[in-house]
Amino acid sequence: MSEENEALFSKKNIKLLTDPLNDNNPVTVQVLGICSALAITVQLKPAIVMAIAVVFVLVFSNLIVSLLRNLIPNRIRIIVQLVIVAFLVIIVDQVLKAYAFDVSKQLSVFVGLIITNCIIMGRLEAFALANKPWASILDGFGNSAGYAIILVIVAFFRELLGSGKLMGYEVLGHKAKTIVESSGVYAYGYENNGFMLLSPMALIVVGIVIWVQRSKNRKLIEA
Amino acid sequence: MNTNSNAYTFIFAIILVTVVAGLLAFTATSLKPLQDENVRNEKMQSILSTIGVEESRDNAGNVYNNYIKQELTLKSDGTIDENPTVKAFNINLKNEIKKDVAEQRFPIYIAEVNGKTTYVLPLQGTGLWDAIWGYLAIDADENTIVGCVFDHAKETPGLGAEIRETWFEEQYIGKQFLKTTGDFSANSFVSVKTVKGGSKLGDSHGVDAISGGTITSDKLSIMVEERLQRYLPYFEKN
């Protein structure tokens with residue numbers, strides 16, 4: 001009975017929310033969802049939209065699976081989970097096409113590929129199937145937020161160093177064809193690093209994030 | 001309740017799929033008008049940008065009629081299809097190019113910018129992986145290209161996909177598809193081709209192909225040539 005009366009934000013529940021942000025981050029610790037972290041982190045804006053989409057899909061699929069957890073026939077549970085995830089992803093895709101057409105063109109196939117994002121199926125299988133709805137919502141939110149943070153960090157550095165912009169604004173000044181006409185850092189001969197726009201650099205940035213995180217968080221260092 | 005029995009599993013699956021299908025059908029239908037409008041506006045935006053009018057997508061629909069004075073549907077012999085049910089703007093070229101040439105209809109947009117007539121031809125073809133398309137704006141001399149937009153569905157990013165980039169598109173400006181202006185015979189028609197290894201300086205019928213994107217470049221040439229020659233009978237008559 002004590003579990004029934006558990007506070008909404010008890011210590012255990014808070015841990016569900018905060019654990020995936022650092023100690024158990026799905027990208028940097030569990031190394032899941034790397035594929036989309038490479039593909040859509042060239043610019044900040046699509047990365048943020050992607051992150052929001054994943055938060056939406058994971059929170060709701062976790063909730064739905066958790067509500068149905070005692071009804072889902074065990075033998076087809078993976079198929080049922082896929083149907084639910086695919087359903088939510090198609091809704092996201094349709095809404096983006098209607099209300100955020102440009103972003104949806106940029107994200108193109110990657111919205112559809114949320115279905116195959118390992119984080120989502122992983123959480124459904126590992127958590128939602130065995131836990132109550134509220135805990136599942138928190139877990140979904142925590143994990144997708146952990147994914148979102150990494151996505152935004154990587155996109156921040158890639159857009160800044162790769163094209164000298166943030167959210168499409170020229171924060172480092174305007175780059176014209178000649179140095180004389182340029183402003184900001186470009187006036188001193190600074191060049192954007194085109195390499196940052198290519199996928200391998202996303203992996204390297206993720207690697208640096210992992211390195212920084214592990215040097216701060218001693219728990220993560222394996223003996 | 002035994003959730004592992006076959007009957008239960010089937011019933012559960014059927015109910016789940018029906019509910020999901022219903023909800024999806026509902027979302028898709030209710031969002032369709034908004035999505036279609038986005039697609040329409042984007043098409044208008046592309047057409048406008050070939051004639052040098054850069055507008056945001058949302059605004060393209062509002063200013064479109066200020067520039068595009070006529071939308072015509074042509075038959076393969078260059079005459080105008082007067083059938084009022086055929087709207088040039090609504091023709092889906094993707095379906096059209098699958099038909100026999102004699103059956104196809106060719107939309108053409110006649111624009112007026114600063115008192116100058118410009119013809120805009122829609123393009124459609126196949127790239128390396130999937131469809132490529134675009135718009136070509138042709139000067140009143142019916143020979144010189146004044147602007148173009150290309151786009152693609154699935155060309156390789158960084159290689160073939162470069163066809164949609166400005167540096168590539170800009171090369172077409174000022175190029176001519178006829179050897180002699182006003183002569184629309186097969187001897188005079190050369191189209192504008194992508195040249196592997198770079199076009200020669202002063203070549204008015206060639207542009208630089210994309211390194212690593214040879215097949216897409218070649219297919220783009222084929223598309224431009226195929227589409228342009230369909231409009232020759234019309235240009236000859238006018």
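So you know, we letter chains A, B, ... as the sequences are listed, proteins then strands, and number each from 1. Side-chain atoms are counted along with the backbone in the values below, which use heavy atoms only and exclude waters and symmetry mates.
When heavy atoms are compared at a cutoff of 4.5 Å, B:T9 approaches chain A by way of both its backbone and its side chain. No part of B:E37 comes within reach of chain A, as not one of its non-hydrogen atoms sits under 4.5 angstrom from that chain. Residue contact with chain A, scored on non-hydrogen atoms closer than 4.5 Å, involves the side chain of B:D151 exclusively. If you measure heavy-atom distances from B:L31 to chain A, the contacts under 4.5 Å come from both the backbone and the side chain. Heavy atoms closer than 4.5 Å to chain B are found nowhere in A:I79, neither backbone nor side chain.
Listed by first then second residue, pairs satisfying ring pair (Phe, Tyr, Trp, His ring centres under 6.0 Å) with a partner in residues 31-65 of chain A read A:F56-A:F60, not counting sequence neighbours.
Here the CZ atom belonging to A:F101 is positioned 6.0 Å from the CZ atom belonging to B:R57, to the nearest 0.5 angstrom. Going from atom OG1 of B:T29 over to atom CD of A:Q94 covers 9.0 Å, rounded to the nearest 0.5 Å. For the atom pair CG (A:D102) and CD (B:E42), the distance works out to 7.5 Å, reported to the nearest 0.5 Å.
In the displayed structure, B:K69 atom NZ is contacted under 6.0 Å by more than 12 heavy atoms of other residues, nucleotides or ligands. Applying the 6.0 Å contact sphere to NZ of B:K43 captures more than 12 heavy atoms from other residues, nucleotides or ligands. In this structure, A:F141 places its CZ atom where only 12 or fewer heavy-atom neighbours from other residues, nucleotides or ligands lie under 6.0 Å away. Annotation for A:W134: atom CH2 counts as buried by contact number, over 12 foreign heavy atoms lying within 6.0 Å. For B:I215, the CD1 atom counts as loosely surrounded, since its 6.0 Å shell holds 12 or fewer non-hydrogen atoms of other residues, nucleotides or ligands.
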Can you give me every donor-acceptor pair (side chain of residues 191-204 of chain B, partner residue at least two apart or in another chain, under 3.5 Å) with its distance?
| unit_1 | atom_1 | unit_2 | atom_2 | d |
| --- | --- | --- | --- | --- |
| B:K193 | NZ | B:V190 | O | 3.3 |
| B:T194 | OG1 | B:S217 | O | 3.1 |
| B:T194 | OG1 | B:S221 | OG | 2.8 |
| B:S199 | OG | B:D208 | OD1 | 3.2 |
| B:D203 | OD1 | B:H205 | N | 2.9 |
| B:D203 | OD1 | B:G206 | N | 3.4 |

N/O donor-acceptor pairs under 3.5 Å from side chains in residues 81-91 of chain A, not counting sequence neighbours:
| unit_1 | atom_1 | unit_2 | atom_2 | d |
| --- | --- | --- | --- | --- |
| A:Q81 | NE2 | A:E125 | OE1 | 3.0 |

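Counting heavy-atom pairs closer than 4.5 Å to chain B, the top residue among A:I72, A:L68, A:V95 is A:I72. By number of non-hydrogen pairs under 4.5 angstrom with chain A, the leading residue of B:L24, B:V39, B:V17, B:D36 is B:L24.
Heavy-atom proximity under 4.5 angstrom to chain B picks out nothing from residues 155-167 of chain A.
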(request) Go through the steps for A:L71 and B:Y8 under the test side chain to side chain contact (heavy atoms under 4.5 Å, CB included), then give the verdict. (result) CA-CA 10 Å; A:L71 296 173; B:Y8 178 83; 3.5 Å; yes
